Amino acid sequence: SVNTEGFCVFRARSTGDHNPSTGIFVKDVLAGSNIVRQAGRRTTVPQPNNLNTSFIEFPSFPRISIDRHNIATRGNHGPILLVEDGEDTTRIGNTGLYFNLNTKNDTESNYTS
């Protein structure tokens, strides 16, 4: 997805036997910036997350607002919340919609311009 300001957000999936790189990435095309990972496999799911759960997959392509850098994506993961009610314990939350994930300062070495 690309907006009117040339800001691009996309899902990328690689293949391979050892730790394939999969995730949501952004790039400011007009500024010629590097591709920056927003979230990937093994990236911790944002709060609320009291189980320190990581993302497993991003099953659909991300969206971006037409004239801002606001992004939205869907993420699959294991349960993120442990809820205790007396003697009962429940784990909940295995998928979610995520908006404006924090930009990581680490760029993927294979994806720089």
Side-chain angles (χ1 to χ4, degrees):
S1 299
V2 181
N3 70 9
T4 58
E5 297 177 358
F7 195 73
C8 176
V9 59
F10 59 95
R11 176 184 71 159
R13 304 168 108 186
S14 68
T15 58
D17 295 333
H18 304 294
N19 299 323
S21 183
T22 297
I24 303 299
F25 299 85
V26 296
K27 178 178 176 70
D28 188 335
V29 177
L30 297 179
S33 67
N34 289 338
I35 294 173
V36 177
R37 181 178 54 195
Q38 295 289 291
R41 286 185 181 168
R42 298 172 306 278
T43 301
T44 303
V45 177
Q47 296 297 322
N49 179 3
N50 66 6
L51 295 173
N52 202 31
T53 304
S54 297
F55 284 110
I56 297 170
E57 184 60 81
F58 301 91
S60 57
F61 68 90
R63 307 320 200 269
I64 189 167
S65 61
I66 192 73
D67 59 359
R68 303 217 193 281
H69 292 191
N70 299 328
I71 67 170
T73 190
R74 184 173 150 225
N76 289 345
H77 44 74
I80 58 171
L81 286 174
L82 179 66
V83 179
E84 297 180 20
D85 182 21
E87 295 179 15
D88 295 328
T89 301
T90 304
R91 293 173 181 253
I92 60 174
N94 350 6
T95 189
L97 291 175
Y98 296 93
F99 303 90
N100 294 337
L101 297 164
N102 292 327
T103 301
K104 304 289 185 215
N105 289 327
D106 59 329
T107 57
E108 294 287 327
S109 60
N110 294 351
Y111 299 101
T112 58
S113 58

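When reading the values below, keep in mind they use all heavy atoms of this one structure, side chains included, and skip hydrogens, waters and symmetry mates. Since this is a predicted model, take the numbers as computed values, not measurements.
- A continuous path of hydrophobic side-chain contacts links Y98 to I64 [ILVMFWY only; heavy atoms under 4.5 Å].
- Every side-chain contact (heavy atoms from CB on, under 4.5 Å) that V2 has, sequence neighbours left out, goes to C8.
- Note that the CG atom of L81 and the CD1 atom of I92 stand 5.0 Å from one another [nearest 0.5 Å].
- Taking the six-membered ring for Trp and thresholds of 30 and 60 degrees, H77 and F55 have ring planes more than 60 degrees apart, a perpendicular arrangement.
- Between the side chain of S1 and the backbone N or O of P62 there is at least one donor-acceptor pair closer than 3.5 Å.
- With sequence neighbours excluded, the residues satisfying side-chain hydrogen bond (donor to acceptor under 3.5 Å, both in side chains) with N70 are N100.
- Cluster annotation: F58 is connected to V36 through the hydrophobic network of ILVMFWY side chains, with a link wherever side-chain heavy atoms come within less than 4.5 Å.
- Listed for the R68 side chain is no donor-acceptor partner under 3.5 Å among the backbone atoms of I66.
- Formation of a donor-acceptor pair under 3.5 Å by the N50 side chain with backbone atoms of L82 is found in this model.
- Counting only distance, with no hydrogens or angles, the side chain of R37 and the backbone of G23 share no donor-acceptor pair below 3.5 Å.
- The distance from the CZ atom of R41 to the CD1 atom of I56 is 9.5 Å, given to the nearest 0.5 Å.
- Between D28 and S33 the shortest heavy-atom distance is N-OG, 3.0 Å.
- Scanning both residues, E57 and T22, for their nearest heavy atoms gives OE2-CG2, 3.4 Å.
- Atom CG of D67 has more than 12 neighbouring heavy atoms from other residues, nucleotides or ligands inside a 6.0 Å radius.
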